[in-house]
Amino acid sequence: MDHFLYRDGRLHAEDVPLAEIAAEVGTPFYVYSTATLTRHFRLFDEALDGMEHLVCYAMKAASNQAIIKTLAELGAGMDVVSGGEYTRAKAAGVPGDRIVFSGVGKTRDEMRMALEGGIRQFNVESEAEMAALDEVAQGLGLRAPITVRVNPDVDAKTHAKIATGKSENKFGIPISRARDVYALAAGMPGLEVVGIDVHIGSQITELEPYRLAYEKVAELTEALREDGHDIHRLDLGGGLGIPYERANSAPPLPVEYGQLIKETLGHLGCEIEIEPGRLVAGNAGLLVSRVIYVKAGEGRDFLILDAAMNDLIRPAMYDAWHDIVPLAEPAAGIDQRAYDIVGPVCESGDTFAKARMMPPLIEGDLVAFRSAGAYGAVMSSEYNTRPLVPEVLVHEHQFAVIRARPTFDEMIKRDTIPEWL
Ligand code: LLP
């Protein structure tokens, strides 16, 4: 179900014409659909029906307070990877016992913050981190609930920069060493072992890598139980991919993923956690931009947009494809032409698409990047002193700016000139 559709020739977010938001907020801007966020969260929640579970939204995908609150009100937990994300989750009203703390380099300060503020569990990634957490927890007179993130050495068949479950990746501890590491954890008075964590990558478009990883987790659960550990919670990570190129991709559905979890792990009686980010937020958001110029190049035409790589870095960083559509519905059967679609930043890498077939566009036209809700706004920067793009949330016929565009003055005021200048 798509909540970004043409109606009367104009692209809408739910019941709001996007051109109206553009007129009020200016371009570029990110816009999210509440109905899509809600639907995607529920798809996961329902996929795990029949098993005790918590869907912990991976906040790194899109962490605006309004987005987190929307999901938290549906009962979502949160997966955080920094003190900043932890603080954001708490600020949006998420209780500590629904927050899991992931990440390969948690600092002692971050550990202390989470222990004091309340935490469901830490997903620990190394013996060194385990020792640090033990020390911090004991210092506070507490026991930190932990899982150990194991690296199952499975090829997730995704982009190299977002694969995490192969032995050469920095994440987790090799599954072959897991029993030793759990024995070590059991001897640390500041830690309480509650389960196992695994996450093999992102934008995974086949279920087979999950099957291989979860079969290994099932075996490990039994082995650790034999060793006397109380393994009652399995955090299975995030990673389910989305169809960026709607014409040619059909990644697995949450319901199929849920079925696989039941098949591979259901017999263990564990509580299940999953940490989806992209599938919840990705197709819930668009980046809307305006054509500044159309420029005739040699053998190609350029569409120069007012959005750039600093606003949406995925094409430059991962060669990612985003469908780009005009806000005004093209006439049926109109001849398309090939454009290189670029931003104004002074780098050739500031290219969103090459030879992309589009209906003819002119200066001033509005376009939308689809599937930009995850890893869009959160990865943006102010490179070239371009203000962070505002974010807008739509709910049926209403919309609200949920992060305003900073003014140049606000941006400059963050700098401080030292006394000697
Ligand atoms: N849990 C952990 C421990 C993770 O590292 C990640 C993503 C997730 C959950 C959520 O995965 P998802 O369901 O969103 O695939 N910036 C990249 C994606 C980086 C993903 C990093 N980890 C991109 O734009 O494609």
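These figures come from a predicted structure and were not determined experimentally. Whatever order the structure lists ligands and atoms in, that order sets their numbers, starting from 1. Throughout, residue positions are numbered sequentially from 1 according to the sequence presented.
Near Ala58, meaning under 4.0 Å from any of its heavy atoms, are these atoms of ligand 1: 8 (C), 9 (C), 10 (C). For ligand 1, the atoms closer than 4.0 angstrom to any heavy atom of Glu275 are 1 (N), 2 (C), 3 (C), 8 (C), 9 (C), 10 (C), 13 (O).
Using 4.0 Å as the threshold, Met379 has a heavy atom nearer than that to some atom of ligand 1. Close to ligand 1: Asp79, with a non-hydrogen atom less than 4.0 angstrom away. Between Pro276 and ligand 1 there is a heavy-atom distance shorter than 4.0 Å. The closest approach between a heavy atom of Lys161 and any atom of ligand 1 is not below 4.0 Å.
Among the atoms of Tyr318, some N or O lies under 3.5 angstrom from an N or O of ligand 1. Remark: ligand 1 and Gly277 share an N or O pair separated by less than 3.5 Å (distance only, no angle test). Among the atoms of Gly239, some N or O lies under 3.5 angstrom from an N or O of ligand 1.
Heavy atoms of Ser202 found under 4.0 angstrom from ligand 1 belong to the backbone as well as the side chain. At a heavy-atom cutoff of 4.0 Å, ligand 1 is contacted by no atom of His159, backbone or side chain. The side chain of Arg149, and not its backbone, has at least one atom closer than 4.0 Å to an atom of ligand 1 (non-hydrogen atoms only; side chain from C-beta on). In Arg314, the part holding a heavy atom less than 4.0 Å from any atom of ligand 1 is the side chain.
With distances taken over non-hydrogen atoms, the option nearest atom 25 (O) of ligand 1 out of Gln203, Glu125, Arg278 is Arg278.
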